[in-house]
Structure formats: structure tokens, C-alpha cells
Amino acid sequence: MALKGIKVIEMAGLAPAPFCGMILADFGAKVIRIDQEPKTTSPDRLARGKLSVAVNLKKNEGVAIVRKLCKTADVVIEPFRPGKFHLLSSYLIVIMQFLHK
């Protein structure tokens, strides 16, 4: 597989990001999808080939889990539309600052 050994963290969100994650998984990347709690039980057609974890990103424990996963990731897919990033709690800003170090 072309992307074997590549680790991708996908923040669940709008369709383009999960689709991108699915294609990367199809080519052999290890894709870990971060879902926000509560996770719905309806099947997600774009989750093929991915691992998934549901965390509460508004709590410190959830941020710590995502930070730990991102520390070893090669790629982080962030699906939020322009402006939404800043409306969310500061967890995304903390994670992005951590990734740029």
C-alpha cells in the first residue's frame, strides 16, 4: 500500500474531511477519526478503514487524548468551515499550537 506507515488524525465533521480520510485509509494510511460525544449509532458510510474514538473535546481529558494522538501523527485533517474554528472552545487552538512546535 502506498501510504503504509502514515498516521492520520481526522477530526470528524463535514463530508470532505471524512471522504479524504477514507481515501487515505484506502491507500494504506492508519486513519484515526476523532468523533465528538455523543456518538450517533447511525452507520457512517465514510468510516471505511478507519479507527474511531469518541471524546468530549470540551473537557481537559478529551483534549489530552487528542493531543497524545496528534503528537505521533503525520497528518491532521481539520474539517471546520472558516470562522467555526474560533467559535469552538480553545481546545483546537491549543492542539494547533502544539502541532506547530
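What you are looking at is a predicted structure, and each value in this text was computed from that prediction instead of being measured. Every heavy atom of this structure was used, including side-chain atoms; hydrogens, water molecules and symmetry mates were not.
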query = Leu24 and Ile77: side-chain contact (heavy atoms from CB on, under 4.5 Å), yes or no, with the steps?
reply = CA-CA 11 Å; Leu24 293 173; Ile77 301 172; 4.0 Å; yes
request  = Kindly give the heavy-atom pair with the smallest separation between Gly62 and Val55, and that separation in Å.
outcome  = CA-CB, 4.2 Å
message = Are Pro18 and Lys50 packed together at the side-chain level, in the sense that at least one heavy-atom pair is separated by less than 4.5 angstrom?
response = yes
ask   = Distance from Ile32 atom CD1 to Ile65 atom CD1, nearest 0.5 Å?
value = 12.0 Å
ask   = More than 12 non-hydrogen atoms from neighbouring residues, nucleotides or ligands closer than 6.0 Å to NZ on Lys30, yes or no?
value = no
request  = Return the minimal non-hydrogen interatomic distance between Ala25 and Gly49, and the atom names on each side.
outcome  = CB-O, 3.6 Å
message = Do Glu61 and Asn56 have side chains that approach each other closer than 4.5 Å (heavy atoms only, starting at C-beta)?
response = no
query = Between Leu51 and Val53, is a side-chain contact (heavy atoms from CB on, under 4.5 Å) present by the stated rule, with each step listed?
reply = CA-CA 7 Å; Leu51 301 172; Val53 61; over 6 Å; no
ask   = Should Ile9 and Lys7 count as side-chain neighbours, where that means a heavy-atom distance under 4.5 Å?
value = yes
Val8: which of Val75, Asp74, Leu3, Val76 passes side chain to side chain contact (heavy atoms under 4.5 Å, CB included) = Val75
inquiry  = Please report the interatomic distance CZ(Arg48) to CE(Met22), rounded to the nearest 0.5 Å.
reply    = 4.5 Å
